[in-house]
Amino acid sequence: GGINGTPLEYVFEDSQNDPRQTVAIAQKFINDPKIVVEVGDFSSTSSMAASPLYQRAGLVQFGFTNSHPDFTKAGDYIWSSSIPQSQEQPLLAEFAYEGLGMRKIAVLHLNTDWGTTAKNLFVEAFEALGGEIVAAEGYLPDEKDFRATLTRIKSAAPDGIMMESYYPDGALIARQVKDAGIEVPVLGVGSIFSPDFIELAGDASEGVYTTAYFSPSFPRAEIQNFVKSFEEAYGHEPNSFNAMAYDAINILAAVMREYGTTREEIKDGLGQISGLPAVMFPEVAFDAETRRVSGPVITPLIVKDGAFEIYED
């Protein structure tokens, strides 16, 4: 519906997940007075390379998938509706230790800034609860064969496996865990939550645990309305990344309608908006200090009969 009768237009630039490209794109956006807010980049590493430019120029960088704990630390023009790993990983560790009864865990993690940060935060939180990390194995984003890694993990005799992965590599790991005959519970960070994970992992997805702030099965009205509209438009269920993108645009639109459309007004409005219904969260308000969503609630899930369901112990 636009902003007070004025249509919104979004301009796409492909950074190719390259920090050098995000810097060049940032300069282009900063110099265009018609650009009033920047959304993205997808990865924290690429986004953070450009954050100082957006901060100096006074253009909000709004990251809806940027979970690196340092993402918003570049300044008061850097905001995110994504839950930082510093908040999510302790919740995952608590779910593993208290909810699933894991005591000795093997961790597989993407050998990237995001994956290593997530792993370190999980390990710290799990050990603080009294658990033991019996193995921690990093892997490259394009890695396909985990057999040698899983042989080492099997010999470490964990009672659970934690995957700091996205859904494509998480699905490969789950399949190869099953092929290796490792019969322990598998837990994945919320990034594996996608119908594509189940499709790619097949039978190996059964019994895999994760946590989410959103699932198509959650009964809240905002979620069900979004799921229905998304399915009508695209012919399949939305995943959490779809929901995060949807919320990002609606949050920014709501801020612009209420507080104004200049770069400064958008920054100030993000600090004031509250009680905004969304898909990922029942209500959105931002913590003024961290510039992150206040008080998020996480829900444990399990793959059962080829679908993610709410896990109830």
Side-chain angles (χ1 to χ4, degrees), residues 14-19 41-46 65 67-68 85 88-89 92-93 95-96 100 102-124 126 131-212 239-241 301-308:
D14 182 7
S15 70
Q16 302 170 41
N17 199 29
D18 181 345
D41 199 310
F42 179 78
S43 78
S44 295
T45 302
S46 294
T65 59
S67 59
H68 193 290
Q85 292 299 326
E88 182 171 6
Q89 293 300 325
L92 282 163
F95 176 46
L100 299 176
M102 296 179 180
R103 294 295 181 267
K104 299 191 301 178
I105 282 186
V107 182
L108 285 89
H109 67 94
L110 271 165
N111 197 10
T112 61
D113 186 34
W114 172 84
T116 302
T117 299
K119 180 265 294 184
N120 290 340
L121 290 166
F122 179 86
V123 167
E124 180 183 0
F126 190 73
E132 179 185 358
I133 305 298
V134 297
E137 298 275 352
Y139 63 90
L140 297 174
D142 58 354
E143 199 162 331
K144 306 296 182 187
D145 187 349
F146 300 94
R147 287 176 294 182
T149 297
L150 291 172
T151 296
R152 292 191 295 272
I153 283 177
K154 189 173 184 179
S155 67
D159 60 17
I161 291 175
M162 175 64 189
M163 302 188 302
E164 302 288 1
S165 311
Y166 293 123
Y167 68 79
D169 39 304
L172 277 173
I173 292 169
R175 291 179 71 95
Q176 293 180 37
V177 164
K178 183 177 181 180
D179 292 343
I182 304 175
E183 297 181 355
V184 299
V186 176
L187 171 64
V189 68
S191 302
I192 72 164
F193 172 61
S194 169
D196 295 330
F197 171 79
I198 296 173
E199 182 177 347
L200 292 169
D203 292 345
S205 66
E206 284 293 309
V208 172
Y209 299 93
T210 189
T211 57
N239 60 31
S240 57
F241 292 113
L301 303 173
I302 184 173
V303 179
K304 187 175 180 181
D305 297 327
F308 285 101

key: Thr149: partners by side-chain contact (heavy atoms from CB on, under 4.5 Å), with sequence neighbours left out   =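 Per chain and number, Thr149 pairs via side-chain contact (heavy atoms from CB on, under 4.5 Å) with Leu108, Glu137, Arg152, Ile153.
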Could I get the full list of side-chain contact (heavy atoms from CB on, under 4.5 Å) partners for Ser43, not counting sequence neighbours?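 side-chain contact (heavy atoms from CB on, under 4.5 Å) check on Ser43 returns Asn17, Thr45, Ser46.
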*asked:* Tell me if the CD atom of Glu124 is crowded by more than 12 foreign heavy atoms within 6.0 Å.
replied: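 Atom CD in Glu124 is not crowded, with 12 or fewer foreign heavy atoms closer than 6.0 Å.
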Please enumerate all residues that pass salt bridge (Lys or Arg N to Asp or Glu O under 4.0 Å) together with Arg103, with sequence neighbours excluded.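 Partners of Arg103 by the salt bridge (Lys or Arg N to Asp or Glu O under 4.0 Å) criterion come out as none, since no residue qualifies.
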Pairing residues for Asp305 by the salt bridge (Lys or Arg N to Asp or Glu O under 4.0 Å) criterion, not counting sequence neighbours: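 Partners of Asp305 under the salt bridge (Lys or Arg N to Asp or Glu O under 4.0 Å) test: none.
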Which heavy atom in [X] sits nearest to a heavy atom in [Y], and how many Å separate them?
X	Y	value
Ala136	Lys119	CB-CD, 4.5 Å
Leu110	Pro141	CD2-CA, 3.6 Å
Ala307	Ile198	CA-CD1, 3.7 Å
Pro185	Asp159	CD-O, 3.3 Å
Ile105	Met102	CD1-SD, 3.5 Å

Mind checking the [atom1]-[atom2] spacing from [X] to [Y]? Nearest 0.5 Å is all I need.
X	Y	atom1	atom2	value
Lys104	Ile161	NZ	CD1	13.0 Å
Phe308	Ser194	CZ	OG	7.0 Å
Ile302	Leu187	CD1	CG	10.5 Å

[X]: side-chain hydrogen bond (donor to acceptor under 3.5 Å, both in side chains) partners, not counting sequence neighbours:
X	value
Tyr209	none
Thr117	none
Glu88	none
Asp142	none

Quiz item: Restricting to pairs with a member in residues 106-116, which pass side chain to side chain donor-acceptor pair (under 3.5 Å), not counting sequence neighbours?
Solution: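 For residues 106-116: Ser67-Trp114, His68-Asp113.
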Taking Thr210 for the side chain and Val189 for the main chain, is one N or O donor matched with an acceptor at less than 3.5 Å?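 At least one qualifying donor-acceptor pair exists.
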Identify each donor-acceptor pair in which a side-chain atom of residues 174-182 lies under 3.5 Å from a protein atom, sequence neighbours left out, and give them as a table.
unit_1: Arg175; atom_1: NH1; unit_2: Leu200; atom_2: O; d: 3.2
unit_1: Arg175; atom_1: NH1; unit_2: Ala201; atom_2: O; d: 3.4
unit_1: Gln176; atom_1: OE1; unit_2: Phe146; atom_2: N; d: 2.7
unit_1: Gln176; atom_1: NE2; unit_2: Lys144; atom_2: O; d: 2.7

Open item on the list: Applying ring pair (Phe, Tyr, Trp, His ring centres under 6.0 Å), can you list everything that pairs with Phe126, at least two apart in sequence or on another chain?
Closed with: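 Counting only residues at least two positions away or on another chain, Phe126 forms a ring pair (Phe, Tyr, Trp, His ring centres under 6.0 Å) with Tyr97, Phe122.
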Would you give me the side-chain donor-acceptor pairs under 3.5 Å for residues 163-173, sequence neighbours excluded?
unit_1: Glu164; atom_1: OE1; unit_2: Gln89; atom_2: NE2; d: 3.1
unit_1: Ser165; atom_1: OG; unit_2: Tyr139; atom_2: OH; d: 2.7
unit_1: Tyr167; atom_1: OH; unit_2: Asp196; atom_2: OD2; d: 3.3
unit_1: Asp169; atom_1: OD2; unit_2: Tyr139; atom_2: OH; d: 2.4
unit_1: Asp169; atom_1: OD2; unit_2: Tyr166; atom_2: N; d: 3.3

| field | Pair Phe197-Val208, side chain to side chain contact (heavy atoms under 4.5 Å, CB included): steps then yes or no | value | CA-CA 10 Å; Phe197 171 79; Val208 172; 4.0 Å; yes
